[in-house]
Amino acid sequence: MAAEPKILELSNGRITARIANWGATITSLLVPDAHGLHRISRASLYVLTTYVQDYEYVKRIEGMAPYFGCIVGRVANRINNGKFTLNGVEYSLPINNGPNSLHGGLKGFDKVVWDVVEQKDGQCSSITFQYHSKDGEEGYPGDVTVRATYSLPEDTTLRLDMEATPDNKATPISLAQHTYWNLAGHDSGEIMPVEGTPFDFTTEHKIGEHINDVPGGYDHNYVLDSGDEKNGLMKHAAKLRDPSGSRTLDLWTDAPGMQFYTANYVDGITGKGGAVYEKHAGACLETQGFPDAINRPSFPSVVVKPGDKYKHTMLFVFSA
């Protein structure tokens, strides 16, 4: 019998995260700002915040929220025409984004209940979620066991470790964590240089400064090629800062790319306390493999074979 949706809490005295087993979703994150105030630091999934115990309600509205705070997969981002060939077999996936299959299809990992397999309290509190994706689910080959562990290893850091192990067939795997960040509070395949374009964030400036130069807003994959490293493998992917100086987020990851998305299709979604989230109300920093990598041999491969393990770590380091 499937587990019921519920929300669990992680806290170390400074950071408090509430995480639902529906999509392994961060529903709220409280982080102190420069004045010590624990205001909600991101747009939260409005569905689970209030209605998580009403399973039938959640099922009725699934798909309405634009991936707020969840883990998406089996393959994040877009697969062109929803098709790929692997080991001589052509696979067809549901089309749910123009001509593409997006974020795992019609019912990806964000729309299922994960099992809570471990919860630790103490100096490094953590919660581990697990989901077993069956052969043929949303058109993907092979059985896959996926684990996601959220932890608080330091006073200022939320960590996410994602792993996935294919059981019997090679399959593409590229997971992403799809939180929309607002640090001030919640109220095509070609690799090109960004220098001299509206996509150039190599020097700090406001996201909105050039957003009108990008039709619709930012929804693009960045190749992570930073010289800064942490713990040997993790690269400094992005720094996000509230202009008022209340909070800064540094994101570290071992993923090769990051989709930068500015909530271009968020349109009047009612959130916590009656707040309404409009277009460009938050920014997503989705570390992952490259879009449509399964169909592009020049991109880093996202195929994982039985006996191998997919691993993907993110560090969200907050400062005031």
Side-chain angles (χ1 to χ4, degrees), residues 23-24 62-63 66-67 70-112 114 130-148 162-178 188-192 216 219-225 233 253-261 265 284 286-314:
E62 71 177 27
Y67 303 101
C70 57
I71 290 177
V72 296
R74 184 175 300 190
V75 174
N77 219 306
R78 297 161 178 84
I79 293 180
N80 189 38
N81 294 320
K83 294 185 182 296
F84 65 90
T85 300
L86 182 60
N87 294 333
V89 179
E90 183 177 283
Y91 295 93
S92 295
L93 314 175
I95 301 298
N96 61 339
N97 176 253
N100 309 301
S101 184
L102 175 71
H103 290 337
L106 299 176
K107 190 175 181 180
F109 294 171
D110 60 297
K111 298 180 181 69
V112 297
W114 297 48
Q130 181 171 291
Y131 177 66
H132 184 76
S133 178
K134 296 181 180 179
D135 184 21
E137 185 174 312
E138 294 298 300
Y140 288 95
D143 294 286
V144 176
T145 301
V146 186
R147 282 197 169 203
M162 294 182 280
E163 296 183 353
T165 306
D167 294 343
N168 43 29
K169 295 180 182 178
T171 186
I173 302 173
S174 179
L175 308 180
Q177 213 291 336
H178 206 289
S188 83
E190 185 179 358
I191 299 175
M192 299 177 64
D219 192 4
H220 299 79
N221 182 75
Y222 281 75
V223 177
L224 299 180
D225 189 23
L233 294 175
T253 187
D254 55 4
M258 182 187 74
Q259 189 80 4
F260 176 50
Y261 173 57
Y265 301 104
C284 290
E286 308 163 53
T287 65
Q288 56 188 260
F290 295 171
D292 200 32
I294 188 65
N295 291 313
R296 300 180 182 273
S298 62
F299 285 1
S301 176
V302 295
V303 174
V304 185
K305 300 177 181 178
D308 294 336
K309 181 179 287 188
Y310 167 92
K311 292 186 176 183
H312 179 180
T313 296
M314 305 173 73

Taking every heavy atom of Q177 against every heavy atom of M162, the minimum-distance pair comes out as N-CE, 4.5 Å

- Item | Test side-chain contact (heavy atoms from CB on, under 4.5 Å) applied to Y67 and K111, step by step | CA-CA 9 Å; Y67 303 101; K111 298 180 181 69; 3.8 Å; yes

* Asked: Under 30°, 30 to 60°, or over 60°: which ring-plane class applies to H312 and Y310, parallel, tilted or perpendicular?
  -> perpendicular

So, the side chain of H178 versus the backbone of V72: is there a donor-acceptor pair under 3.5 Å, distance only?
no

Here the pair of heavy atoms bringing L93 nearest to S101 is CB-OG, 3.6 Å

Review point. Does D143 offer a backbone N or O that forms a donor-acceptor pair with the side chain of N168 under 3.5 Å?
Key: yes

Taken to the nearest 0.5 Å, the spacing of N77 CG from D219 CG works out to 7.0 Å

Discussion item. Between D292 and N80 (side chain of the first, backbone of the second, donor and acceptor by atom type, cut-off under 3.5 Å), is there such a pair?
Written reply: yes

Tightest non-hydrogen contact, residues Q288 and A176, listed as NE2-CB, 3.7 Å

OG of S174 to CZ of F290, rounded to nearest 0.5 Å, is 10.0 Å

Using side-chain contact (heavy atoms from CB on, under 4.5 Å), reason through Y140 and I173 one step at a time and then give a plain yes or no.
CA-CA 10 Å; Y140 288 95; I173 302 173; over 6 Å; no

Separation between CG (N81) and CG (N100), nearest 0.5 Å, reads 7.0 Å

Exercise for the section: Mark yes or no for whether E138, through its side chain, and L106, through its backbone, hold a donor-acceptor pair below 3.5 Å. Expected result: yes

Heavy-atom donor-acceptor pair, H103 side chain to A76 backbone, under 3.5 Å
no

Keeping the roles fixed (side chain from T253, backbone from T313), state whether a donor-acceptor pair exists under 3.5 Å.
-> yes

Derivation of the side chain to side chain donor-acceptor pair (under 3.5 Å) call for S92 and K83
CA-CA 5 Å; S92 295; K83 294 185 182 296; 2.9 Å; yes

Heavy atoms of V303 and A170 approach each other most closely as CG1-CB, 4.1 Å

dist F260:CZ -> N221:CG (nearest 0.5 Å) comes out at 12.5 Å

Heavy atoms of L175 and R74 approach each other most closely as CD2-O, 3.8 Å

All heavy atoms of P166 vs all of V304, minimum pair found to be CG-O, 3.4 Å

Value for CZ (R147) from CH2 (W114), rounded to nearest 0.5 Å, stands at 11.0 Å

Query - Donor-acceptor under 3.5 Å (T145 side chain, H132 main chain) - result: no

### Task
State whether the side chain of T171 and the backbone N or O of P141 hold a donor-acceptor pair below 3.5 Å, judged by distance alone.
yes

Rounding to 0.5 Å, atoms OG1 (T287) and CE (M258) come to a distance of 8.5 Å

Test side-chain contact (heavy atoms from CB on, under 4.5 Å), reference I79, set N97, V302, I95, N295, output is N295

